[in-house]
Amino acid sequence: MAEKYPFKDIEPKWQQWWEAHGVYHAENPDKTEKQKFYGLVEFPYPSGEGLHVGHPRSYTAIDLITRKRRMQNRNVMYPIGWDAFGLPAENFAIKKKIHPSIVTTQNIATFKRQIQSLGLGFDWTREINTTDPAYYRWTQWMFIQFYESWYDEKMGKARSIQELVIPQDVELKGQEAIRAYKDAERMAYKAKTTINWCPRDKIGLSNEEAQGGICDRCGGPVEKREKEQWMFRITKYANRLIKELDQVDYLEKIKTQQINWIGKSEGALVRFVISTNDQEIVEVFTTRPDTLFGATYLVLSPEHEKVQEWIESGAVTNVKEIKKYQDQTRKKTEIERQENKEKTGVELKGIVAINPANKKEIPVWIADYVLSGYGTGAIMAVPAHDERDFEFAKKFELPITPVVRVPDEDIGGCGAVLETVKGMFLFQKRDQKAPIQPGMIALFGGGREPGENILSCLKRELEEELELDISKRTAKYIGDAASRTRPGKYYSIFHIEDIDLKTLKLHEGESIVEMSLQEALSHKLVTEFTKKRIELFLKGYSETVFTGNGISMSSDFLDGLETPKATEKMISWLEKNGVGERKTTFKLRDWVFSRQRYWGEPIPMVYCEHCGWNPITDNELPLVLPDVKNYEPTDTGESPLSTMTDWVKASCPICQGEARRETDTMPNWAGSSWYFLRYCDPNNKEAFASRRAMEYWMPVDLYNGGMEHTTLHLLYSRFWYKFLFDRGFVPSSCGSEPYASRRSHAMILGEGGIKMSKSKGNVINPDDVVAEFGADVFRVYEMFMGPYDMDAPWDTHGIQGVKRFLDKAWNISLQQIQKAPLIKGDQGGFENVFDLEDVRPYENILHQTIKKVGDDIDNLRFNTAVSALMILTNELQTADLRARDFESYLKILAPFAPHMTEELWHMLGREDSIHASSWPAHDPDKLKVSEVEIAVQINGKVRGQVKVPAGSDEAFVRQAAEQVENVKKHLEGKTPKKIIYIKDKILSFVI
RNA sequence: GCGCAAGUGGCGGAACUGGUAUACGCGCUAGCCUUAGGAGCUAGUGCCCGAAAGGGCUUGUGGGUUCAAGUCCCACCUUGCGCACCA
């Protein structure tokens, strides 16, 4: 009698029927009043490997949600397409000498067949393909819009380049100057920069694709190369890409990753004058301008342009040494630079800079710990406040000057200052008589009359005040700090070597209290101020907040200020004195947009000797990718297209003269940056999508994709969309964010928890799974494996369990359909002849499950939803269901097992699709249970259970509990001291 | 180093605002059915003691709060992921 669910006969039948009946075709906005729901999964790259079992996991997840929304009367769009430009097809083409488009077409066919065998509710009428000229026509058109735009900082948005006001002085210089001025503002611009070059793929990479110095495609190391490249000014959007995240519902970790990648930091730009030539200036960026007084040297990155200038002008005297160091740096890959963090560097002899705060002359160095790509490529080194600078200063014996600020209450007298190697200082007020103990590494400040000999002061302070004999030790003078409350007085700061900080001794009356630093944290004799410092010290922080205002400071204006306030004060000082200004920098770089490969969208630009770069005209779009003989990329970094001399030749759109085409192509992130807009209106020939369609469908309600795309596709497409939005190509009612919410799937691993790979031979082919178990089992299994956002290993036994479940559900359903004599109901459905009013034992669990499954789908908790359905199915084995309850059962199972439920639905005599039916509502009355089991605890341990009517009061439950043998035994006839009763849950005695 | 997430049976994993830990599934054991089964059905299954009733222990480790802690607080350990000389 135990029949198997005959998926082989059923599944293909319904797949065809659905498509023929357009069950999953989204209605166009003009034809519906319904509210829309736009569910989106990242469209796949159709690789030669075929579909991975990981793809269906996320496709099915969003499929479940969209199916439920459809049953909740939403007009659902769940589209799919092909992100088909890319390296693997090209590499395959090189190897097999087959045109990439042929390979791509084949791969798409395979992917499509595989995806369609899974019964996913995609709207195939909206299928798109980024390599289709009808599609990439618009990608090219958008490129031109980027080129024809500039970013207006004042309005905070991109505008047409026509609207760029040309300053008069530029205008006077003529056309050449005007063009240069415009080019410097365009959102897409060509520039010679150092790019990441993958020698294996022979392709330039964006920063996002070369994270950690590793190529995103092949995993090999990345080199630096000078190259002229098309760039997108994504940095103009850095602020908005962070700020507008608060309009969207993304997983918190996705937001954090984007924010970190953009890497905003606020601070100041400071100009250092080179003393040998007043005209010469080095700009540095710092987040801590308040520490400027402590800047004791400058460091430039080895690639810094000034270094080259000084070599050429002969300003530096140790050219050979410098060049050697530059060479070394260049040869190091980024990985090597990261692995070896030992500080290296070379002084630029002959170059001296002036610290604008204290007018002191300071040396200038180059070192590779300063990165050319960040800030200005130069830093002011404040070794007392920065771990890296400290390390560097120690190694090359450069001066270390703390900038010391202290709140007023601590200025009162000289005190002991304790220091760690890292540069942490501790203070103990003098009136508490905290001596520096032998065994500390210490710095201390001593009040000293102007003119008093430093060493004699030190000796006096140490011996008289602090009871420390320093005769056997080396005390190194570090510097002075002026006292604010006692004008004319200074704190001298010394570094006493060979001392290890372990204990703190305090005078309490006549006796001395000795304590560990741990104990000091809670000791009443120690001030809060000191405690805080000890705490920081123990955590190993290098941050220093200190007294006075640093060596030879001309003013004490930073005294007593918290770091943010001191920073503000210093910035206004810099601005007032014209030596610097407020500045925000980002880690985000402009997007390198050219690729020196064949299989990508041609960049629609031509170069003319007279007119420079210009976009081709609209009616020339699409600029179709020509056939070439050889797809092989070159070591020189020329695109294979450059060998197509006929194609390269073009006429200049301005002067009609001879011109040549751009031969680089776009990165594969181009087509995927706006595909979600094309789905709204995929066949439009007049525009990339109609305004009406975008107004209705955008933004995407739910977008699912991998975490690996957080700093790639997700960032790029948000930027791209914001640009289109700014320029009004996307209607303003759509909002400036393309995706209202973003979720992430996890990986499916091979059996045993290791990654699936060809070489390990543990790859599961979806085709085999569908052939053996059918699509419904496959779907349910992938949902049941574990939490959606956690990696899960494939388990061949586990899928058997799911098969049993669906077989069981199938059999129960057949019984229900057979057993119950059906009559046609009023609503067009069927009711059986059983009494409709009697209370049925299964109702409770049915309604609970309806609620749970619905909630779980909404919250992407598919594994527990399946579990609830299994429990319900087990319960229903012995029940006789009313027809409408049976229909509810099928409906909540339908999103998970669409084929099986559709078959059963039609067996009931239905002619429409179950997936177009309405989602059942749970009846809150029927969630309630009549009887509950209450645990009885005695002194916190469960000693028995009682079954009572739901909602019973304490007295009733207590009486029942006291009848239970085991409870009686443990109560030992005593009267409980305390009784806690939580209704319908627990009764707890304390005796 | 910094940031984030997570540690629960033999395994994948449940557990809502603290309220009977181990749901559901796998695996395993026994029995039934079968010519046979890697099919199906029934029962059992955290660990220890016990014939049973029952008792003791158990959610990475150690403390704490509470009548009651996987859940809250403190300290620590481990694993995974992300970033990593970002000034």
Side-chain angles (χ1 to χ4, degrees), chain A residues 1-4 211-212 251-254 256-257 259-261 263-265 267 284-288 291 295 299 301 337-338 340-343 367-371 373-382 385-389 391-392 540 585-588 707-708 710-711 746 752-753 780-781 784-787 789-802 804-805 807-808 811 852 855 861 863-871 873-874 933-945 965-966 969-970 976-991:
Chain A
M1 84 139 204
E3 258 187 73
K4 305 276 184 247
Q211 295 184 32
L251 287 180
E252 217 34 61
K253 62 175 175 178
I254 297 178
T256 324
Q257 257 189 56
I259 291 167
N260 289 346
W261 179 256
K264 181 175 180 167
S265 45
V284 304
F285 172 72
T286 176
T287 51
R288 289 288 308 276
T291 63
V299 190
S301 70
R337 244 169 114 153
Q338 279 169 23
N340 185 11
K341 289 192 177 173
E342 172 83 19
K343 297 280 176 296
D368 66 2
Y369 82 93
V370 173
L371 309 172
Y374 184 73
T376 61
I379 61 156
M380 61 180 215
V382 188
H385 298 269
D386 184 283
E387 245 177 289
R388 294 153 307 185
D389 297 343
E391 213 182 298
F392 193 79
T585 62
F586 296 90
K587 283 201 266 183
L588 185 71
M707 279 308 287
E708 71 275 14
T710 303
T711 50
V780 175
Y781 173 61
F784 185 59
M785 294 177 93
D789 56 358
M790 298 237 283
D791 290 351
W794 188 269
D795 179 7
T796 30
H797 294 295
I799 197 168
Q800 288 286 352
V802 171
R804 276 176 215 147
F805 159 56
D807 283 342
K808 202 183 280 175
N811 279 300
K852 179 155 179 61
D855 291 348
R861 287 194 303 250
N863 54 332
T864 49
V866 174
S867 154
L869 284 165
M870 285 172 165
I871 294 169
T873 303
N874 288 341
E933 201 163 78
I934 287 180
V936 184
Q937 285 189 344
I938 295 155
N939 285 343
K941 289 202 188 294
V942 180
R943 298 298 180 186
Q945 281 94 19
E965 264 320 300
N966 201 38
K969 197 174 103 195
H970 281 89
K977 281 190 217 138
K978 201 170 167 187
I979 297 175
I980 291 122
Y981 174 62
I982 307 292
K983 205 174 180 184
D984 294 347
K985 289 213 167 119
I986 208 153
L987 180 70
S988 185
F989 292 95
V990 184
I991 58 168

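Just so we're on the same page: letters track the sequence lines, and every chain starts at 1. This one's a predicted model, so the numbers in the text were calculated from it and none came from an experiment.
- Residue A:Asn966 places its side chain closer to B:rG54 than to any other of B:rG54, B:rG12, B:rG56.
- Nucleotides B:rC83 and B:rG13 are separated by 30 Å at their C1' atoms, to the nearest Å.
- Atom C1' of nucleotide B:rC11 and atom CH2 of A:Trp794 are separated by 17 Å, given to the nearest angstrom.
- Atom pair A:Glu391:CD and B:rC85:C1' shows a separation of 9 Å (rounding to whole Å applied).
- The residue among A:Met790 and A:Gln257 whose nearest nucleotide of RNA chain B lies closer to the 5′ end is A:Met790.
- Using a 4.0 Å heavy-atom distance criterion, A:Arg861 is classed as making no nucleic acid contact.
- Atom pair A:Ile254:CD1 and B:rC83:C1' shows a separation of 16 Å (rounding to whole Å applied).
- Within the 3.5 Å criterion, the main-chain N or O of A:Met785 finds no donor-acceptor partner in the side chain of A:Asn863.
- When rounded to the nearest whole Å, the span between CG of A:Leu987 and C1' of B:rC67 equals 11 Å.
- Looking at heavy atoms from C-beta onward, A:Thr585 lies out of side-chain contact with A:Lys264 at the 4.5 angstrom threshold.
- Taking atom CG of residue A:Asn811 and atom P of nucleotide B:rG40, one finds them 12 Å apart after rounding to whole Å.
- Side-chain nitrogen and oxygen atoms of A:Lys253 include none within less than 4.0 Å of the OP1 or OP2 phosphate oxygen of B:rC4.
- A straight line from NZ of A:Lys264 to P of B:rA87 spans 14 Å, rounded to a whole angstrom.
- Nucleotide B:rC26 forms a pair with B:rG10, judged by Watson-Crick or G-U wobble geometry with both contacts under 3.5 Å.
- For the pair A:Tyr781 (side chain) and A:Trp794 (backbone), a donor-acceptor distance under 3.5 Å is absent.
- The side chain of A:Arg943 contributes no N or O atom lying less than 4.0 Å from OP1 or OP2 of B:rC67.
- Distances from the side chain of A:Pro787 to the nucleotides B:rC85, B:rA14, B:rA87 place B:rA14 closest.
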Could you run through nucleotides 19-25 of chain B and give me one letter per nucleotide, 5' to 3': B if any protein heavy atom sits under 4.0 Å from the base, S if only the sugar-phosphate is that close, - if neither? BB--BBS
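- Here the side chain of A:Lys941 is nearest to one of B:rA87, B:rG13, B:rC57, namely B:rC57.
- In this structure, a donor-acceptor pair under 3.5 Å is absent between the side chains of A:Thr711 and A:Gln257.
- Residue A:Lys343 has its side chain nearest to B:rC85 when only B:rG56, B:rA87, B:rC85 are considered.
- For A:Lys808 and A:Asn874, the side-chain atoms include at least one donor-acceptor pair closer than 3.5 Å.
- Whole-Å rounding puts the A:Met785 CE to B:rA14 P distance at 13 Å.
- Between A:Ile254 and A:Met707, the closest side-chain pair of non-hydrogen atoms falls below 4.5 Å.
- Against the 90° criterion about 0, the sugar-base torsion of B:rG40 places it in the anti range.
- Taking atom CD1 of A:Ile799 as the reference point, atom C1' of B:rG13 lies 17 Å away to the nearest angstrom.
- Between A:Ser265 and B:rA87, a side-chain N or O to OP1/OP2 separation shorter than 4.0 Å is present.
- Remark: A:Lys343 is not positioned above the aromatic ring of A:Phe392, lacking an NZ or CZ atom under 6.0 angstrom from the ring centre and at most 45 degrees off the axis.
- A donor-acceptor distance shorter than 3.5 angstrom exists from the side chain of A:Asp389 to the backbone of A:Val382, with no hydrogens or angles considered.
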